[in-house]
Amino acid sequence: MVHFTSEEKSIISALWGKVNVEETGGETLGRLLTVYPWTQRFFDSFGNMSSPSAIMGNPKVKAHGKKVLTSFGEAIKNLDNLKGTFAKLSELHCDKLHVDPENFRLLGNVLVIVLATHFGKEFTPEVQAAWQKLVSGVAIALAHKYH
Amino acid sequence: MSLTKTERAIITSIWDKMSVQADAIGTETLERLFSSYLQTKTYFPHFNLHPGSPQLHAHGSKVVAALGDAVKNIDNMQVALTKLSDLHAYVLHVDPVNFKFLSHCLLVTLATHFPADFTADVHAAWDKFMSIVSSILTKKYR
């Protein structure tokens, strides 16, 4: 289980407070689908994803990205119980969506990069380290109910 | 996996921008690597890895200079990286998983230094480039 120090919790919350969830969510999912095109396999119904600009501008991508990142927000409120927080979503991703957990790792790293572009120098190695721990914890929690 | 013409142009253009601060970028990449992926420090027991360490700086420069070689020889990276490929296979034995961590930390560093330039297609091109470099460096492992 991932354990966060109180310093790491502060770092995470402080940055999260400044994040535009809608914008960042859309950008994160869009970049996942662009950089790792095989991830598009889960989103056949999303329409035009034929180029980076098509993907980044796709309204379904943006909407779903917002959904995904909103869920991340829940994680941040419950850093000491990521597994409990994501139990239902974990079952959903395994039983209904059939998502390879490797995709959670990829998405987490893309989120870190998006945060880096938004926060620049503020996204120090220390801040990155706390967020890497978070995205790793979320990925593990989401894979927890797989069977 | 090979780079398209467009991807090569993107990579070269970003390289031109970053080469001015190449050393700083290399050093920061390693700082990020050692902060987020503590296990990578096991390859450097002989180094002082604290921020500001001259060894960290020297090694960061080395790493980024090698990437520069790869960029300058982007049409024939295999040849340009052949010595490093031998080094990693026969001497260093760096577990392949670590190339992904280093690549990620380089991309994060580029994203913080060039936020406006690091668009989705630039991100994709550089991710692919680093993936190709990594596979060349591990090509002779077994």
Top of K121(A), R31(A), M56(A), K133(A) for chain B proximity - count of heavy-atom pairs under 4.5 angstrom
R31(A)
For atom NE2 of H50(B), is the number of surrounding heavy atoms from other residues, nucleotides or ligands below 6.0 Å larger than 12?
no
If we only count heavy atoms from C-beta on, is the R32(B) to E126(A) side-chain gap below 4.5 Å?
no
Quick check for you: among P51(B), A124(B), C105(B), A116(B), which has the greatest number of heavy-atom pairs under 4.5 Å with chain A?
A124(B)
hydrophobic_cluster_shared for L97(A) and W38(A), side chain cutoff 4.5 Å
yes
More than 12 foreign heavy atoms under 6.0 Å from NZ of K9(A): is that the case here?
yes
Region of P52(A) in contact with chain B, defined by heavy-atom distances below 4.5 Å
side chain
For S35(B) and A129(A), work out which heavy atoms get closest and say how close.
O-CB, 3.6 Å
Give, as side chain, backbone, both or neither, the part of S53(A) having an atom under 4.5 angstrom from any heavy atom of chain B.
neither
Compare every heavy atom of V35(A) with every heavy atom of A120(B), then report the nearest pair and how far apart it is.
O-CG2, 4.2 Å
Are V79(B) and L3(B) linked, directly or through intermediate hydrophobic residues, by side-chain heavy-atom contacts shorter than 4.5 Å (ILVMFWY only)?
no
Take a 6.0 Å sphere around CD of E22(A) and say whether it holds more than 12 heavy atoms from other residues, nucleotides or ligands.
no
Same apolar cluster: L137(B) and L87(B), side chain cutoff 4.5 Å:
yes
Heavy-atom contact with chain B under 4.5 Å, split by part of F119(A)
neither
Identify the two heavy atoms, one from T112(B) and one from G120(A), that lie closest to each other, and give their separation to 0.1 Å.
CG2-O, 3.4 Å
Heavy atoms only, distances under 4.5 angstrom: which of E31(B), E28(B), H123(B), K128(B) has the most pairs with chain A? Name it, please.
H123(B)
Can you tell me how far apart OG1 (T34(A)) and CG (D127(B)) are? Round to the nearest 0.5 Å.
11.5 Å
Y37(B) versus chain A, heavy atoms under 4.5 Å apart: side chain, backbone, both or neither?
side chain
Quick one: do F34(B) and L38(B) end up in the same hydrophobic cluster if we chain Ile, Leu, Val, Met, Phe, Trp and Tyr together by side-chain heavy atoms under 4.5 Å apart?
no
Stepwise, does the side chain to side chain contact (heavy atoms under 4.5 Å, CB included) test hold for Q132(A) with F101(B)?
CA-CA 11 Å; Q132(A) 294 292 167; F101(B) 299 146; over 6 Å; no
Is any side-chain heavy atom of T117(A) closer than 4.5 Å to a side-chain heavy atom of F114(B)?
no
Hphob cluster co-occupancy, V91(B) + I136(B), side-chain heavy atoms under 4.5 angstrom:
yes
When you look at NZ of K67(A), are more than 12 heavy atoms from neighbouring residues, nucleotides or ligands closer to it than 6.0 Å?
no
